[in-house]
K.L.:
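Next up is a structure, given as structure tokens.
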Amino acid sequence: MSTRTVRAACPHDCPDTCAMLVTVEGGRAIGVRGDPAHPPTGGVLCTKVARYTERTYHPGRLLHPLKRLGRKGEGRFQRIGWEEALDIVGSRLKAIALRDPQGILPYSYAGTMGYVQGESMAARFFHRLGASLLERTICAAAGSAGIKHTYGGGLGFDVDFADEAKLILLWGCNPITSSLHYWTRVQEAKRRGARLIAIDPYRSLTAEKCHQHIALLPGTDSALALGMMHVLIREDLLDHDYIAQHTVGFDALRERVLDYPPERVATICAIPAQQVVELALAYGTQAVTAREPVAIRIGYGLQRTHGGSQAVRALACLPGLVGAWRHRGGGALHSSSGFFPLNTDVLQRPDLIPGWPKLPRAVNMSTIGDALLQAGTKPPIEALLVYNANPVAVAPDSARVAAGFAREDLFTVVLEQFQTDTADYADIVLPATTQLEHLDIHKSYGHTYVLANNPAIAPLGEARPNSEIFRLLARQMGFDDPCFGDSDETLAAQAIDFDDARTCHMDWETLKRDGWAKLKLPEAPFAQGGFKTPSGKCEFYSAQLAAAGQDPLPGFVAPHESALSNPSLAQAYPLAMISPPARHFLNSSFANVESLRAIEGEPVVHIHPTDAAERDIGDGQAVRVFNGRGHLVLKARLTERARRGVVVIPSIWWKKLSPDGRNANELTSQALTDLGKAPTFYDCLVEVRSVVPGAS
Ligand SMILES: Nc1nc2c(c(=O)[nH]1)N[C@H]1C(S)=C(S)[C@@H](COP(=O)(O)OP(=O)(O)OC[C@H]3O[C@@H](n4cnc5c(=O)[nH]c(N)nc54)[C@H](O)[C@@H]3O)O[C@H]1N2
Ligand SMILES: Nc1nc2c(c(=O)[nH]1)N[C@H]1C(S)=C(S)[C@@H](COP(=O)(O)OP(=O)(O)OC[C@H]3O[C@@H](n4cnc5c(=O)[nH]c(N)nc54)[C@H](O)[C@@H]3O)O[C@H]1N2
Ligand SMILES: [Mo]
């Protein structure tokens with residue numbers, strides 16, 4: 001049997017975006033491995049993606065279009081042909097579009113991060129239709145806004161040099177789980193003598209391997225960063241030359257941080273004041289006195305609370321004060337997305353919108369529950385087309401989301417690889433291909449390589465790539481613009497057809513052959529300044545924020561739900577719940593792969609032994625976690641990994657694969673962040689009680 005190797009890219013929502021080599025034997029993919037030549041991948045895949053063939057050939061793969069038979073949510077379907085499916089979808093959408101196409105809403109996120117199977121043909125389709133726009137805020141919009149108003153975009157240190165840093169703050173991130181390849185670099189830095197400090201309410205797998213762990217309360221990071229600045233300025237641990245040349249607003253910042261002495265910060269964060277001082281001194285001395293690279297990996301965990309945007313902004317100010325940008329591997333990294341000059345307008349064609357440049361109504365994906373249920377949504381959402389997303393499991397305030405999806409008058413189409421919690425609410429399910437079956441092109445939000453994904457095998461069953469499904473739907477709707485005829489190859493080539501000789505020259509044929517190529521960027525991106533802000537400097541003070549009526553300086557914004565901001569709520573629900581990623585799931589993806597679910601075991605809540613003792617809860621006991629929005633039952637795990645006052649539910653389980661049919665999003669709220677209109681998953685007060693056997 002002939003064996004061949006195909007160059008591919010991991011499509012999942014992870015900063016590492018690995019280069020994969022797929023082994024194909026007689027038309028069947030028999031294994032995937034990391035490309036040893038691709039520096040960020042280094043020949044290694046994570047446990048999840050190493051099992052990509054198990055996911056692709058999973059018996060639960062959707063292989064035919066389906067039409068709903070049972071009630072919404074029940075999951076009873078009947079197989080139908082593609083022609084019938086397209087006919088049903090086309091006629092429903094045409095009828096709604098006649099009334100108002102804004103009654104139609106796409107709902108998609110990063111099930112695949114590819115440009116071809118993400119927002120290209122799909123975006124053209126919805127734009128041409130005049131459908132409502134979707135605000136894609138569910139993951140990173142708060143942090144993106146914070147970083148944009150400080151650096152001008154998702155820009156930061158190059159992870160290829162991350163092992164050169166001598167002090168690394170892993171702040172609100174857990175790379176052993178969520179960015180394994182960056183962790184490899186951090187370990188190398190540690191071998192070369194770097195000191196590692198984790199800042200996280202939870203002693204994560206990463207935090208326990210660091211030299212120090214600062215376990216602050218969720219949603220208090222901006223206070224800690226401002227307290228560090230207070231000490232740095234007080235002790236004159238500053239790079240005055242860098243501040244003068246490449247930053248704006250230092251004087252205003254100095255005034256602001258006077259409000260954040262270590263004692264006040266310690267109270268807000270519920271940590272010793274000494275920790276604040278020592279952290280600042282460690283950072284400032286290494287950078288300014290020793291003149292060595294210091295790095296802050298700004299994770300996503302800390303921006304899922306009310307002040308998430310300000311928190312990222314406050315952290316992002318630190319490197320400019322101490323001149324950390326002068327060195328390779330120094331500075332900060334939240335996202336590297338802003339380095340990629342990809343051609344999104346050509347791919348997405350917003351000019352197809354009827355009435356362009358006037359835009360249709362926009363709906364925020366993070367409040368989809370309310371958007372579907374509120375009578376005030378005008379025009380009402382009559383049809384929902386879901387792809388690359390599993391909102392019934394992942395969106396906050398899940399009971400509201402499920403109630404919205406259960407609306408009898410809502411027409412829901414779900415493009416999926418699997419029968420997810422969301423697909424159970426579909427009127428029509430359309431089977432989608434996996435990464436091994438389709439073509440794509442990828443950027444990364446953790447490194448600066450562009451990657452090609454060549455299809456390795458033919459589509460399974462009657463599954464089709466998203467791009468092809470939207471091409472067929474466009475034909476069904478009678479859209480005849482030539483752009484609906486573009487092939488996947490054409491779309492991929494369009495994505496990198498940019499005219500930016502400084503960044504790189506890429507052509508699709510070469511990229512397909514080689515698998516990946518790195519952008520041409522300076523090794524220390526801001527050693528000479530060159531931020532993408534309006535001033536071209538690192539903006540401690542943002543005139544843009546001031547003009548928008550926002551706080552122009554970084555500041556502490558208290559969580560929506562905390563003893564500080566809402567004492568009576570905190571009395572009823574005294575524990576802060578966070579629900580960060582479980583290591584062997586990727587959001588809700590892979591939660592249906594048996595071997596991975598077996599490693600995770602069952603849904604659990606981590607609770608500090610003292611908090612448990614106060615509630616008479618024993619290890620392994622069934623407990624009810626609840627607040628005013630909902631409840632769920634799972635097993636208690638007594639562990640000092642959870643600090644006092646904080647409980648942790650590793651997530652995101654499929655609801656229907658959880659013993660009580662619910663997951664952590666039963667408890668999370670639809671309240672939004674300070675900037676970016678993002679969700680506040682980790683800003684959520686709860687109470688926990690043991691479940692008395694026999695009682696309900
Ligand atoms: N295995 C795996 N990898 C993943 C994912 C996955 O689900 N599974 N998800 C992917 C996606 S979509 C994303 S966005 C990234 C996210 O990756 P990360 O940037 O690592 O972010 P999170 O995993 O959300 O949270 C990281 C840590 O932040 C902590 N945390 C929670 N609240 C706070 C807070 O208020 N302050 C501080 N300082 N820390 C806090 C959590 O306890 C957690 O340990 O990972 C990606 N990688
Ligand atoms: N409680 C809690 N909730 C959270 C988070 C948390 O930390 N705690 N994290 C939040 C974050 S950071 C994020 S990013 C969101 C993630 O939310 P989502 O982006 O919805 O991610 P997934 O749950 O992985 O669902 C992606 C779906 O896309 C499907 N898919 C993959 N590839 C394709 C394809 O090519 N075509 C089609 N049609 N489908 C495909 C997969 O099968 C999967 O079911 O969840 C958020 N929700
Ligand atoms: Mo995310």
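Both counts, for ligands and for their atoms, begin at 1 and track the order of listing.
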K.L.:
Are any of the N or O atoms of T220 closer than 3.5 Å to those of ligand 1?
P.N.:
no

K.L.:
Give yes if a backbone or side-chain nitrogen or oxygen of D200 is under 3.5 Å from a nitrogen or oxygen of ligand 1, and no if not.
P.N.:
yes

K.L.:
Could you tell me if the side chain of Y57 sits less than 4.5 Å from the side chain of L460, heavy atoms only?
P.N.:
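Sidechains of Y57 and L460: in contact.
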
K.L.:
Is the closest heavy-atom distance from Y445 to ligand 1 below 4.0 Å?
P.N.:
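Yes; Y445 lies near enough to ligand 1 that a heavy-atom distance drops under 4.0 Å.
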
K.L.:
Could you find the nearest protein heavy atom to atom 7 (O) of ligand 2 and give me its residue, atom name and distance?
P.N.:
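The closest one turns out to be Y682 OH, 2.7 Å.
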
K.L.:
Distance only, no hydrogens: is a donor on one side chain within 3.5 Å (strictly under) of an acceptor on the other, for S222 and R313?
P.N.:
no

K.L.:
Please verify whether a non-hydrogen atom of K48 lies at under 4.0 Å from ligand 1.
P.N.:
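K48 counts as a contact of ligand 1 under the 4.0 Å cut-off.
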
K.L.:
State the atoms of ligand 2, each with its element, that fall below the 4.0 Å cut-off from a heavy-atom position in A110.
P.N.:
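Here the atoms of ligand 2 in question are 19 (O).
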
K.L.:
Compute whether any side-chain donor of one residue and acceptor of the other, for R51 and S595, lie under 3.5 angstrom apart.
P.N.:
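Judged by distance alone, the side chains do pair up.
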
K.L.:
Tell me the protein heavy atom at minimum distance from atom 34 (C) of ligand 1, and give that distance in Å.
P.N.:
D221 OD2, 3.5 Å

K.L.:
Please say whether F585 places an N or O atom under 3.5 Å from an N or O atom belonging to ligand 1.
P.N.:
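The answer is yes, given that F585 and ligand 1 share an N or O pair closer than 3.5 Å.
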
K.L.:
With backbone taken as N, CA, C and O and side chain as the heavy atoms from C-beta onward, which portion of P218 lies under 4.0 Å from ligand 1: side chain, backbone, both, or neither?
P.N.:
both

K.L.:
Would F77 and H64 count as a close aromatic pair, with their ring centres under 6.0 Å?
P.N.:
no

K.L.:
Taking the non-hydrogen atoms of I469, is any one of them nearer than 4.0 angstrom to ligand 2?
P.N.:
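False for this residue.
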
K.L.:
Kindly assign one of parallel, tilted or perpendicular to the pair F126 and Y387, based on the angle between their ring planes and the thresholds 30° and 60°.
P.N.:
parallel

K.L.:
Show which atoms of ligand 1 fall inside a sub-4.0 Å distance from at least one heavy-atom site of Y202.
P.N.:
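The atoms of ligand 1 under 4.0 Å from a heavy atom of Y202 are 42 (O).
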
K.L.:
If we count only N and O atoms by modelled type, under 3.5 Å, do the side chains of T673 and Q303 hold a donor and an acceptor together?
P.N.:
no

K.L.:
Considering only heavy atoms, which of G172, G299, P580, S179 lies nearest to atom 26 (C) of ligand 1?
P.N.:
G172

K.L.:
Taking both backbone and side-chain atoms of S651, is any N or O found less than 3.5 Å from an N or O belonging to ligand 1?
P.N.:
no

K.L.:
Given the side-chain rings of Y300 and Y445, with only the six-membered ring counted for Trp, is the space between their centroids under 6.0 Å?
P.N.:
yes

K.L.:
Of A642, G301, P650, P201, which has the heavy atom at the shortest distance from atom 39 (N) of ligand 1?
P.N.:
P201

K.L.:
Checking T434 against E437: is there a side-chain donor and acceptor pair closer than 3.5 Å?
P.N.:
yes

K.L.:
In terms of residue, atom name and distance, what is the protein heavy atom nearest to atom 5 (C) of ligand 2?
P.N.:
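It is I652 CD1, 3.7 Å.
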
K.L.:
Number the atoms of ligand 2 from 1 as they appear, then name those within less than 4.0 Å of a heavy atom of R304, with their elements.
P.N.:
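Those atoms are 12 (S).
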
K.L.:
Side chains of N390 and T422 only: does a donor on one sit below 3.5 Å from an acceptor on the other?
P.N.:
yes

K.L.:
Please check whether G219 reaches ligand 1 - meaning an N/O of the residue sits under 3.5 Å from an N/O of the ligand, judged on distance alone.
P.N.:
yes

K.L.:
Just need the protein heavy atom nearest to atom 15 (C) of ligand 2, so name the residue and atom and give the distance.
P.N.:
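Sorting protein heavy atoms by distance from atom 15 (C) of ligand 2 puts I138 CG2, 4.0 Å first.
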
K.L.:
Nearest protein heavy atom to atom 23 (O) of ligand 2, by residue and atom, and its distance?
P.N.:
S588 OG, 2.5 Å

K.L.:
Do any heavy atoms of C46 fall under 4.0 Å from ligand 1?
P.N.:
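Judged by the 4.0 Å heavy-atom criterion, C46 does not count as contacting ligand 1.
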
K.L.:
Which of the atoms in ligand 2, numbered in the order shown and given with their element, are less than 4.0 Å from a heavy-atom of G111?
P.N.:
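Checking each atom against G111, I get 26 (C), 28 (O), 31 (C), 32 (N).
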
K.L.:
Check step by step if side chain to side chain contact (heavy atoms under 4.5 Å, CB included) holds for C684 and R629.
P.N.:
CA-CA 10 Å; C684 175; R629 289 175 289 271; 3.9 Å; yes

K.L.:
Who's the nearest protein heavy-atom neighbour of atom 8 (N) of ligand 2, and how far?
P.N.:
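It is S579 O, 2.9 Å.
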
K.L.:
Check each of Q419, H438, E416, H12 against atom 27 (C) of ligand 2 and report the one with the nearest heavy atom.
P.N.:
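Comparing heavy atoms across Q419, H438, E416, H12, the nearest one to atom 27 (C) of ligand 2 lies in E416.
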
K.L.:
May I ask you to check whether H442 and T17 show a side-chain donor-acceptor distance below 3.5 Å?
P.N.:
no

K.L.:
Under 30°, 30 to 60°, or over 60°: which ring-plane class applies to Y202 and H606, parallel, tilted or perpendicular?
P.N.:
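Answer is tilted, since the angle falls between 30° and 60°.
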
K.L.:
Quick one: which ligand 2 atoms are inside 4.0 Å of a heavy atom on L586?
P.N.:
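Numbered from 1, ligand 2 contributes 24 (O).
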
K.L.:
The criterion is ring-ring contact (aromatic ring centres under 6.0 Å, His included); which residues satisfy it with Y260, sequence neighbours excluded?
P.N.:
none

K.L.:
How are the rings of Y425 and F405 set relative to one another: parallel (under 30°), tilted (30 to 60°) or perpendicular (over 60°)?
P.N.:
perpendicular

K.L.:
Checking a contact table here: which protein heavy atom is nearest atom 11 (C) of ligand 2, and how many Å away?
P.N.:
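Here the nearest protein heavy atom works out to N587 OD1, 4.0 Å.
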
K.L.:
Considering V49, T177, L224, which one's heavy-atom position lies nearest to atom 1 (N) of ligand 1?
P.N.:
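It is T177 whose heavy atom sits nearest to atom 1 (N) of ligand 1.
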
K.L.:
For ligand 2, does V394 get within less than 4.0 Å through its side chain, its backbone, both, or neither, judged by non-hydrogen atoms?
P.N.:
both

K.L.:
Does W171 have any ring-ring contact (aromatic ring centres under 6.0 Å, His included) partners at least two apart in sequence or in another chain, and if so, which?
P.N.:
none

K.L.:
Would you please say whether a donor-acceptor pair under 3.5 Å links the side chains of N364 and T137?
P.N.:
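T137 and N364 do have a side-chain donor-acceptor pair below 3.5 Å.
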
K.L.:
Between E561 and H306, do the side chains contain an N or O donor and an N or O acceptor separated by less than 3.5 Å?
P.N.:
no

K.L.:
With side chains defined as the heavy atoms from C-beta onward, is the minimum distance between M365 and E135 less than 4.5 Å?
P.N.:
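Counting from C-beta outward, M365 and E135 never come under 4.5 Å.
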
K.L.:
Between the side chains of Q670 and D397, is a donor N or O closer than 3.5 angstrom to an acceptor N or O?
P.N.:
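Checked: Q670/D397 side chains pair up, N/O donor to acceptor below 3.5 Å.
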
K.L.:
I'd like to check which ligand 2 atoms, numbered from 1 as shown, lie under 4.0 Å from a non-hydrogen atom of D13.
P.N.:
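So the atoms of ligand 2 that pass are 14 (S).
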
K.L.:
Mind checking whether I578 has an N or O less than 3.5 Å away from an N or O of ligand 1?
P.N.:
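The answer is no, given that I578 and ligand 1 share no N or O pair closer than 3.5 Å.
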
K.L.:
Please verify whether a non-hydrogen atom of Y300 lies at under 4.0 Å from ligand 2.
P.N.:
no

K.L.:
So is Y109 polar-close to ligand 2, meaning N/O to N/O under 3.5 Å?
P.N.:
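Such a contact does not occur with ligand 2.
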
K.L.:
Under a 4.0 angstrom heavy-atom cut-off, which atoms of ligand 2 come close to N665?
P.N.:
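Contacts of ligand 2 toward N665, numbered from 1: 1 (N), 2 (C), 3 (N).
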
K.L.:
Any N or O on T668 sitting closer than 3.5 Å to an N or O of ligand 2?
P.N.:
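Not met; the criterion fails.
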
K.L.:
If the threshold is 4.0 Å, N to carboxylate O, is there a salt bridge linking E600 and R597?
P.N.:
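Between R597 and E600 there is no salt bridge, as every charged N stays at least 4.0 Å from the carboxylate O atoms.
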
K.L.:
In the protein, which heavy atom is nearest to atom 14 (S) of ligand 1, and how far is it?
P.N.:
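I find the closest protein heavy atom is C139 SG, 3.1 Å.
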
K.L.:
Which residue from C173, S178, P581 reaches closest to atom 22 (P) of ligand 1 through any of its heavy atoms?
P.N.:
P581

K.L.:
Just checking, any donor-acceptor pair under 3.5 angstrom between side chains of N174 and T177?
P.N.:
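Yes, T177 and N174 have a side-chain donor paired with an acceptor closer than 3.5 Å.
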
K.L.:
In ligand 2, which numbered atoms sit nearer than 4.0 Å to a non-hydrogen atom of A432?
P.N.:
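Result: 36 (N), 37 (C), 38 (N).
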
K.L.:
Using side-chain contact (heavy atoms from CB on, under 4.5 Å) as the criterion, point out the one residue from L333, L167, L169, I199 that pairs with I296.
P.N.:
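It is L169, the one option of L333, L167, L169, I199 that forms the side-chain contact (heavy atoms from CB on, under 4.5 Å) with I296.
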
K.L.:
Of all the non-hydrogen atoms in the protein, which one sits nearest to atom 37 (C) of ligand 2, and at what distance?
P.N.:
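Ranked first by proximity to atom 37 (C) of ligand 2 is N388 OD1, 3.2 Å.
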
K.L.:
For R55, counting its heavy atoms only, list the atoms of ligand 2 lying under 4.0 Å from any of them.
P.N.:
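That gives atoms 41 (C), 42 (O) of ligand 2.
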
K.L.:
Considering only protein heavy atoms, which is closest to atom 33 (C) of ligand 2, and at what distance to one decimal place?
P.N.:
Q417 NE2, 3.3 Å

